[in-house]
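Beneath this line is the structure, given in structure tokens, with notes to follow.
Start at 1 and go down the list; that is how both ligands and their atoms are numbered.
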Amino acid sequence: MRTQVAIIGAGPAGLLLGQLLHKHGIDNIILERQTADYVLSRVRAGVIEQVTMGLLDEAGVGARMHKDGLVHDGVQICVDGVRHRISFKELTGKAVMVYGQTEITKDLMDGRAAVGAPTVYAADDVALHDIFSGAPRVTYRGDSKSHEIDCDFIAGCDGFHGISRKSAPPRAITAHERIYPLGWLGILSDTPPVSEELIYVRHDRGFALCSMRSPTRSRYYIQCSLADDIDSWPDERFWEALRPRLDEEGRERLVTGPSIEKSIAPLRSFVAEPMRFGRLFLAGDAAHIVPPTGAKGLNLAASDVRYLSQAFIEHYADKSDSGLDHYSDRALARVWKAERFSWWMTTTLHRISENPFDLKLQVAELDYLFRSTAAATAFAENYVGLPY
Ligand code: FAD
Ligand code: DHB
């Protein structure tokens with residue numbers, strides 16, 4: 001087989017890249033380790049920046065998001081039982097969209113099927129070869145047979161645990177990492193959300209987040225220990241841990257019910273530099289991870305894909321490699337700002353340290369955020385997404 005761009009991974013980064021390239025007549029094949037059903041069963045992101053919405057529109061897959069997504073003009077932050085609101089609209093003129101990653105993935109998969117672009121699911125033993133030559137190759141196993149794809153470029157969109165980053169020479173990579181000593185326990189339930197807007201909660205008992213997928217479906221998270229396993233968190237225990245972290249109105253309005261999904265996610269900050277190795281380009285979680293506080297992961301994957309798709313388009317249409325040469329620097333400049341914001345939200349809202357100095361700093365940070373229009377504007381600018 002031969003293609004122009006071989007894409008590893010059918011998460012949001014790989015699928016969006018494939019769709020944008022196809023629109024510009026650039027041939028691509030996606031190789032995904034899991035089945036399509038498995039990819040669709042992973043409940044993850046929920047908040048989409050305006051620039052990400054724009055990209056989904058550009059890729060021709062935004063219609064259902066505009067119909068079913070919920071536009072949020074602001075966010076609430078509850079500190080030790082007192083709620084504050086930050087208005088994105090007043091401070092930045094922008095808004096975010098609450099629309100699940102599962103739905104975006106489905107829209108992208110449907111869009112790809114509609115144009116007949118190839119995706120190989122359940123591709124085993126994907127391996128990258130000759131990435132520093134002019135003729136890279138990808139091999140994999142599928143249907144009990146070995147396959148080989150010759151290509152011009154490889155896009156590594158295979159997430160944090162994928163093979164692409166590991167295929168770069170170790171000496172060529174610098175990894176920056178911070179691991180937080182806690183995780184997020186999340187549940188999805190068919191109960192009405194406690195509030196029309198998201199509530200991020202800082203409480204002495206630990207962080208919580210009240211989010212949603214629709215007016216009848218809620219998504220809640222609480223901070224948990226990394227040693228916890230899902231079986232030690234029956235639904236009752238989850239609701240009992242969440243309720244006291246809310247303010248009085250939240251406690252009264254909280255509707256509990258059986259969970260339809262429950263999972264634990266570790267919190268990590270990670271950046272691998274650079275994001276290009278010869279003809280291999282990394283995008284999304286393959287190159288960087290943010291802790292989920294601040295909802296930046298999927299949005300960063302989309303912004304990488306914007307830079308990368310434009311660079312490929314320039315290469316094929318204008319015969320210019322300037323975009324490819326600047327890809328890593330451009331993407332990383334935006335990545336580090338999102339890393340900073342996600343790190344700040346995580347350390348300010350979670351119970352991480354028992355050191356009274358750290359706890360006093362958290363309260364001071366938040367007090368400043370609520371009293372200063374400059375601080376609130378900086379927060380809102382970052383939350384709705386920095387411009388490209
Ligand atoms: P992935 O979604 O990880 O996709 C990579 C794909 O590659 C996968 O399908 C995987 O199966 C495949 N793959 C892996 N290895 C191989 C291989 N060897 N061969 C072939 N295929 C392979 N982000 C936000 O922006 N907003 C939020 O609100 C938000 N909330 C989150 C909440 C939680 C609880 C979690 C866990 C994450 C959240 N994120 C959020 C982060 C977001 O989900 C990720 O950043 C996003 O999925 C990254 O997309 P990706 O395509 O780069 O990687
Ligand atoms: C959701 C996830 C996040 O990480 C976040 O910051 C906000 C919302 C969610 O899954 O709805």
Subject >> Contacting atoms of ligand 1, where contact means under 4.0 angstrom from a heavy atom of Gln34 >> reply: 11 (O)
**OP:** Specify side chain, backbone, both or neither for Leu298, according to which of its non-hydrogen atoms lie closer than 4.0 Å to ligand 1.
**Re:** both
Subject >> Numbered atoms and elements of ligand 1 in range of Gly162, under 4.0 angstrom, heavy atoms >> reply: 15 (N)
Original post:
Do Arg334 and Asn299 get their side chains close enough for a donor-acceptor pair, meaning under 3.5 Å?
Top reply: no
**OP:** Return yes if a side-chain donor-acceptor contact under 3.5 Å exists between Asp304 and His288, otherwise no.
**Re:** yes
Original post:
Hey, is Leu31 touching ligand 1 through its side chain, its backbone, both or neither, going by heavy atoms under 4.0 Å?
Top reply: backbone
Subject >> Steps toward side-chain contact (heavy atoms from CB on, under 4.5 Å) verdict (Phe341, Met345) >> reply: CA-CA 6 Å; Phe341 181 65; Met345 273 195 83; 3.6 Å; yes
Original post:
Within a reach of under 6.0 Å around NZ of Lys89, are more than 12 heavy atoms found that belong to other residues, nucleotides or ligands?
Top reply: no
**OP:** Give the protein residues with at least one non-hydrogen atom closer than 4.0 Å to an atom of ligand 2, ordered by chain and number.
**Re:** Arg44, Gly46, Val47, Trp184, Leu198, Tyr200, Leu209, Ser211, Arg213, Arg219, Tyr221, Pro292, Gly294, Ala295
Original post:
Less than 3.5 Å between some nitrogen or oxygen of Gly284 and one of ligand 1, yes or no?
Top reply: no
**OP:** Just go through Ala10, Ala45, Ala36 and tell me whose heavy atom is the nearest to atom 31 (C) of ligand 1.
**Re:** Ala45
Subject >> Under 4.0 Å to a heavy atom of Gly159 - the qualifying atoms of ligand 1, by number >> reply: 3 (O), 5 (C), 53 (O)
**OP:** Could you please spell out the steps behind the side-chain contact (heavy atoms from CB on, under 4.5 Å) verdict for Val79 and Val363?
**Re:** CA-CA 8 Å; Val79 179; Val363 173; 5.5 Å; no
Original post:
Does Tyr221 come within less than 4.0 Å of ligand 1, judged by its heavy atoms?
Top reply: yes
Original post:
For ligand 1, is there an N or O atom under 3.5 Å from any N or O atom of Gln101?
Top reply: yes
**OP:** Could you tell me if any non-hydrogen atom of Ala123 lies under 4.0 Å from any atom of ligand 1?
**Re:** no
Original post:
For ligand 1, which atoms sit closer than 4.0 Å to a heavy atom of Asn299?
Top reply: 25 (O)
Original post:
Is the closest heavy-atom distance from Arg42 to ligand 1 below 4.0 Å?
Top reply: yes
Subject >> Per-residue contact class, Ser263 against ligand 1 - non-hydrogen pairs under 4.0 Å >> reply: neither
Original post:
Using heavy atoms and a threshold below 4.0 Å, how should the contact between Phe160 and ligand 1 be classified: side chain, backbone, both, or neither?
Top reply: neither
**OP:** Could you tell me which atoms of ligand 1, counted from 1 in the order shown, lie closer than 4.0 angstrom to a heavy atom of Val47?
**Re:** 26 (N), 28 (O)
Subject >> Option passing side chain to side chain contact (heavy atoms under 4.5 Å, CB included) with Tyr99 (candidates Val47, Val71, Asp107, Leu56) >> reply: Asp107
Original post:
Could an N or O of ligand 1 be found under 3.5 Å from any N or O of Arg44, whether backbone or side chain?
Top reply: yes
All N/O donor-acceptor pairs, side-chain side in residues 381-388, below 3.5 Å, sequence neighbours left out:
| unit_1 | atom_1 | unit_2 | atom_2 | d |
| --- | --- | --- | --- | --- |
| Asn382 | ND2 | Ala378 | O | 2.8 |
| Tyr383 | OH | Tyr200 | OH | 2.7 |

Original post:
Can you check salt bridge (Lys or Arg N to Asp or Glu O under 4.0 Å) on Lys296 and Glu339, steps first, answer last?
Top reply: CA-CA 8 Å; Lys296 289 288 162 243; Glu339 289 285 345; over 6 Å; no
**OP:** Work out whether the distance between some heavy atom of Pro12 and some atom of ligand 1 is less than 4.0 Å.
**Re:** yes
**OP:** Give the numbers and elements of all ligand 1 atoms closer than 4.0 Å to a heavy atom of Val126.
**Re:** 19 (N)
**OP:** State whether the side chain of Tyr180 and the backbone N or O of Trp343 hold a donor-acceptor pair below 3.5 Å, judged by distance alone.
**Re:** no
